[in-house]
Every structure is written in C-alpha cells, then in structure tokens.
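Accompanying notes for the structure given below.
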2 protein chains.
Amino acid sequence: MEDGPTREEGVAVVADGTDRTSGAELPFADPAGRPTLRTVAELAGVHVSTVSRVLNHVGGPGVRPASRTTAERIRRIAERVGYSPNPHATGLRTSRSRLVGVLVPRLVDIVLATIYEGIEEATATYGFSTFVANTGDDPTAQRRRTEMVLARRVDGVIFGDAYVDGRFLDEVAGRGAPFVLVSRRAGDYPSVTCDDVLGGRLAAEHLLALGHRDLAVIAGEPYASTGIDRTAGFLAACDAAGVHVPGSRVVHSRFDTEGGRAAMSRVLADGAAPTAVFVVNDFAAIGAMGVLRDAGLVVGRDVAVVGFNDVPLAGSLPVGLTTVRSPMHEMGVRAAHLLMRRLGGEEVASERLVPVLVPRASTLGDRGA
Amino acid sequence: MEDGPTREEGVAVVADGTDRTSGAELPFADPAGRPTLRTVAELAGVHVSTVSRVLNHVGGPGVRPASRTTAERIRRIAERVGYSPNPHATGLRTSRSRLVGVLVPRLVDIVLATIYEGIEEATATYGFSTFVANTGDDPTAQRRRTEMVLARRVDGVIFGDAYVDGRFLDEVAGRGAPFVLVSRRAGDYPSVTCDDVLGGRLAAEHLLALGHRDLAVIAGEPYASTGIDRTAGFLAACDAAGVHVPGSRVVHSRFDTEGGRAAMSRVLADGAAPTAVFVVNDFAAIGAMGVLRDAGLVVGRDVAVVGFNDVPLAGSLPVGLTTVRSPMHEMGVRAAHLLMRRLGGEEVASERLVPVLVPRASTLGDRGA
DNA sequence: CGCGGTCGCGCTAACGTTTGCGCCGAACGG
DNA sequence: CCGTTCGGCGCAAACGTTAGCGCGACCGCG
C-alpha cells in the first residue's frame, strides 16, 4: 500500500506518453477529453469519492473531508489538469441545477435588459447561471417558454412579465417551481418592484407645481402593474390637487417607441392638445415626443412631457426628457437575492424600491437645457 | 414475471384515481415528483428502453422502434403524465447538452439585445437553449465568462464581443469548443456581420452628395471590427472623392451615449466644428447630438450627423437620425444557423449582410422632418 | 496504559437516460 | 411439422457525480 506516490508517477507518465487524437490525453477523461473526478483520483492515487469530498466541502471548519496533505495534493492536481465538474452528472445526482430561468417581455427593452443584467450579475455570485427567454407579453409564449425553462430543470424562475391578475402564476405555483417576480407585481407573490404609485405621484406633483392643469396620461398595457400603478399614483395626486383628468385623456399603449407614437396620436386626434403628458415609459415618451414634434408642437415649451425609468439616453436627447428614475439594475439584483433566499427555503416578502424625479428640458424648457 | 398487463392495470388505476395536478403520486417519479422514463415504462407495462426508443426515434420510416400499438400507448401515457426528459441524464449519457453560450459586450446595448433575440429565436427552433453573459468588452471578464459557459458543457458558443486580433479566440479554438462570431469579425473565424465597409461608404457618399467636405468620424472602440470597418469604408470613400479627413478628426469612443458625448466634445475642443459627423453607432450619435445641441449648434442645419444601425427610436427622435440600417435580428438568426451547421460537422463560411442608408432630418434638415 | 471519540477514506448504490446485444415468439417457406 | 427469419422488446452497461455506511487508525484524556 505504499504505492500512492508511485501510482501517481506511473499514471502521469502514461498521460505524458500516450498520444491520442484530441487534446491533453488525460487518463479516464470524458468523451470530450475533459478530466473527470476519476482522472484526478487516479493521478492523486486516491478514491474518486475522496476527490469529490475535497473539492465540494469548501468550508466546514469542524469536519474535514480529508487529511490536509491529501486535500492539498488533490486540489493541486485538479487545478493542473483543469478539472471542472460535469454539471449534468451533478444535476442528475443532486437534482439541483444551479440554473434559473428568467422570463421577460422583450430583452430589447432597455429597462428589462438592465434588470436582467442585475439578475445575471447577482446570480453569478451564487454560482448560478441564467436562461432568458422573451415572451413578448403573449400568454401562449409565456406558457411555452415557462414549460421550456422548467423542462431544463431550473431551480427557480424569475418572471419579469407577470400579468397583474396572476392566473398563470397560480398554475406555475401549483407545479411547485419556486419563483419571484421583478418589475411587475401580481397577486401576493413575492416581487421586487419600483414603488410605481409613488413614481406616478412624483410626476403629477412636478407637473402641477409647474402650473399644468390640462393633463393626459399614456398609461401602458392594461395588464401590467407598472403602468397601472404609475397611472393610479398620478391620477390620485391630481385628484388630491383638485385637478380632474378625463377618462378620454388616459390611453393605453405598448411600452415601446411605436406604442407611444400611436397613443399620442390618439390623444391629439381627440381634440386640443393637453399642456402636459405623463408617459409611463421613457421609450413610449420618446415616441410621443416624436408625434408632438410632427404636429408642430415644441416639447418643453408648448407641451411638457414626463417619462418613466430614466434610461441612459434620456438626458442626451435633443430635448432632455424629464423622467422618474427607477432603480432598474438594483431591482434585478434584489430579485436574484430574493429568489436565492426562497431556494434556501425562506419565506420572503416583496420589496418596493423608491423612485426619484429627474427634471429636464421636456418640462422645464430652456431652464432645463 | 407474467404480471406485465396486471401491473399496468393496477398502476393505471392509481394514476387515474389521483387525477392530474402536481402531487399526483406517480410511481417511480424523480425526487421532485416528476415522471421519469421508468414511470412511463411501468404504466405502459414495457421496459424503460422501449419507452426511450419510442420517444426518441421520431422519424425513421425504415426501422420502427416498437410496434404501432405499443408506441401509441407509450406516447399516450407519456403525454398524460406530462413526461419530459431529464436533460441532465440525457446530457450525461450523450455528452451533448443542446445548450449554447452567447457572449456579448452588454445586453443593454439594443444592438446586441436585438441580435441576441434573433439567436434565441433561431436556436429555440432546434430545441436549443441559450445562456447569455455580459463581458463589458473586458478581456478578463471574457475569459471568465467563457470558462463559465464551457464549464456548463455548452455544445457551442457565439461570441458577439470578439476583439479583432482574435488572440483569445485562438485559445478557445484550441480547447475544441465550436463557435461562431456575430456582429464583429476576427481572424478567419466564421462570422456573421454587417458589411461594415459598405456601410461606412454609404454614409460617406450620402454626406459628400450633400456637399459636405469638412468631416469628422467618431470611430468606436479600436478593437472592434465594426468601428474599424465602418471607419475604413467611410475614409476610403472620402479618399476616392478627393476629400481628406485629418487624423485628428477621427476619434475613438465607446459605443454608448456617453462615449458619443465624450468623443464629440473632444472634436469640438480641437477647433472649429466640422459640417458633418459620421458616428459608427446610433447611441453614440445621440450622445454626440446632445453635445452639439449644448454647443448651440442645430443638428441638420449647422451640422449633419449620420449614425449606424437604425435602432427603433432613431426615427422618433426630436431630430430624426440619418443612419445606416444593419440587419441586427437577421444577423442573430443567421449566426445561430451557422453554429448549428458547425455543430453538424460542416465547414462553414462567413456571411456578410448588406446595410441600407436611411436618410432623415439629421442630415437633410427640414426636408427630412 | 486503556478506552472512547474522531477522522480519513474507500466502497457502493443510486440519479435518469441511451444503446448494443441478444432473446423470444410469430410468421413463413419448405 | 420443422427450420429459418425477423420484428419487437428486454437486459444491462455505461455516463460522472454524490452520499451513506462502516472500518480502521490515530489521538487525547484519564
């Protein structure tokens, strides 16, 4: 039994000497030539289970997975041959995948992309990877894409495209897959959102303070809590100030530039232009500004516009866009942490992050340039 | 051993009795309660290998995996219990994962997000899923993220963040991981790009035709083929027309709004403003326009600006942005197909897609509004 | 010096799937 | 009625990893 070192030498020689078709020619490599636990075990002259324990039990001050010298040697060899565990084998054995699925309406929406960046960044620190899938806010696609991520055996899901009624989520919950929501709330499911009601209120107070009384709202999709809450907060603040916004002046829209164009056109077609417009999304606001421009109105002088989110280019537009800044990246990060805690079995509560108004030329005119 | 049919009846009753929904107590389910091959096999009264053959061998007109009736029954039962194969087990067995890794500089860049959408859409039709990771164009992050996707045993990788020198890619190629590039070319590796040289030429010809002779270029990052080629095409066309653009008028920049601001500021600080600027990215162009506005110059009248990509909001800006439209989504789709063909063992060639100039107010002035 | 506790470590049985091999029974030709 | 063929299907061996079990050795304490 004194052959531990000898065996190591012997195999090392074989590894050097043999000359197989692909790559580094390690003993007991997998079909792709990558080293496996067995490779390392063989080179270290120990059993594969010992290698497994050493490589997995990172912390554990109390119980040690192997003697210090053995552990040291194993780690050195694993490093040298570039061992990395096969996630399929691990996943199969443990039935956990260190994978999370992320569903978003559209990734080309900077808001969601920013949130996703936060998610990806935070999950990576836990050693998790993420799948993203677009659903385009289409229920069929939501269902199909959710099936897909579940079929991939993700450990959890983050929905960025929740419908406020939460019916679909009830189904998913029934399947036992842990999930959290981000950006939009729904039902009583744990979510990380911006305080959208407050955001709407900030927008209203800003416009009211500037003396506007003739207002319109471009309210986003009727199924998204973001648009709903922002609009509700805005209208509530107007009410409180004794300013009435007629129903015909609150129009739904998609959240993109094109949606803003369409909605603004409808507002203008409906009669005289309002003196101020609150648009629940910056890109829709840009679209709305385009229509106003085409109608010969100067944004910031003839009509004030307030957007929502403060996307990076809002300040660089030819007419800087007044907007309500929402902590998008932060929301992603927090949603990821929330999910991780749920995966740990914790009961978690929703979080609502605070938005801030950023005044610019689109409401202040020259003073804001 | 003669209890095959009997067993089927018995178990089928159990399965019916508990009536659908999640906790349905299926026999031989996995730890999460999901049905496995074994579950289906048991219910059908056949061996697990038979189920596997039936469920996998979709086509095969010549050889049949089982008798018609057996196959039918198996498929029915699989459907009923909601069987979906465990990708870890499949991956372990076949050492293929139906996963592709996608590396991009930043997903909040609409250009890359759009390309990614194309990739995701196309790979999904092959039954593949995608990991995306941001690298921020940072070599260290590129290396780390690449390690990460390879450690996940992806079948292939799509790089959207290639450095033109391709040194890092040489390493990756040495590891034997199949990959293709998208958006940016590098070395002789297969890539799907826009014909950026042509795009630069289109921009130059447009400005020259409008009579501009005093030109500047905001050229993007020096390591990205997109910026390099667009700039080269632009300068070559100027040369051909006998117009010289001094080196001090060609400045590098990041590809985002902020990068455009910084670069434009440097151009203005350097002396008199040019009469026209070619910016190799729409967002950088927006930043540049912001700086021009702040300098009291009216874009489209005092200074012409041409961007690149034609992102959706380019046309909705208060001053519509003249830009070179690149087929972003299409590039993603094609890159995905290209990778799939590589995975099939084919030798593949790079593709270059044709861009189109879209003239708007930023060069045409009022005529473009 | 004796005894109990602790620690190192190897063995083995899974995890769910795929696949080559070979058996069995039915059909068919002689 | 027997021999051959062949389609259908079961068997079992992997794939790489994890974890429970149990044995032996060492250590420290009394």
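Quick note: numbers below take in every heavy atom, side chains included, and nothing from hydrogens, waters or symmetry partners. To find a chain, count down the sequence lines: A is the first, B the second, and so on, and within it residues start at 1.
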Answer with base, sugar-phosphate or nothing: what part of the nucleic acid does B:Ser52 contact at a heavy-atom distance below 4.0 Å? base
Looking only at heavy atoms, what is the nearest atom pair of B:Asp137 and B:Pro139, with distance?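 Scanning both residues, the minimum pair turns out to be O-CD, 3.5 Å.
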Spacing between [X] atom [atom1] and [N] atom [atom2], to the nearest angstrom:
{"X": "A:Asn86", "N": "C:dT17", "atom1": "CG", "atom2": "P", "answer": "16 Å"}
{"X": "A:Asn56", "N": "C:dG8", "atom1": "CG", "atom2": "C1'", "answer": "17 Å"}
{"X": "B:Arg153", "N": "C:dT17", "atom1": "CZ", "atom2": "P", "answer": "20 Å"}
{"X": "A:Leu37", "N": "D:dT17", "atom1": "CG", "atom2": "P", "answer": "4 Å"}
{"X": "B:Leu92", "N": "C:dT19", "atom1": "CG", "atom2": "P", "answer": "13 Å"}
{"X": "A:Arg96", "N": "D:dT17", "atom1": "CZ", "atom2": "C1'", "answer": "13 Å"}
{"X": "B:Arg38", "N": "C:dC15", "atom1": "CZ", "atom2": "C1'", "answer": "12 Å"}
{"X": "B:Leu55", "N": "C:dT19", "atom1": "CG", "atom2": "P", "answer": "14 Å"}

Sequence neighbours excluded, which residues qualify as salt bridge (Lys or Arg N to Asp or Glu O under 4.0 Å) partners of A:Arg98?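 A:Arg98: no salt bridge (Lys or Arg N to Asp or Glu O under 4.0 Å) contacts found.
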By side chain to side chain donor-acceptor pair (under 3.5 Å) - contacts of B:Thr90 (at least two apart): none
Mind checking what makes side chain to side chain donor-acceptor pair (under 3.5 Å) contact with A:Glu147, not counting sequence neighbours? A:Arg175
Residues at least two apart in sequence or cross-chain that pass ring-ring contact (aromatic ring centres under 6.0 Å, His included) with A:Phe131, listed by chain then number, are B:Phe131
Across all chains, not counting sequence neighbours, the ring-ring contact (aromatic ring centres under 6.0 Å, His included) partners of A:Phe159 are A:Phe179
Write down the protein N/O and nucleotide N/O pairs, taken from nucleotides 6-10 of chain D, whose separation is under 3.5 Å; answer none if there are no such pairs.
residue, atom, partner, partner atom, Å
D:dG8, OP1, B:Arg64, NH2, 2.8
D:dC9, OP1, B:Thr70, OG1, 2.7
D:dC9, OP2, B:Ser67, N, 2.7
D:dG10, OP1, B:His47, N, 3.4
D:dG10, OP2, B:His47, N, 2.7
D:dG10, OP2, B:Thr50, OG1, 2.4
D:dG10, N7, B:Ser49, OG, 3.4
D:dG10, N7, B:Arg53, NH2, 3.1
D:dG10, O6, B:Arg53, NH1, 2.9

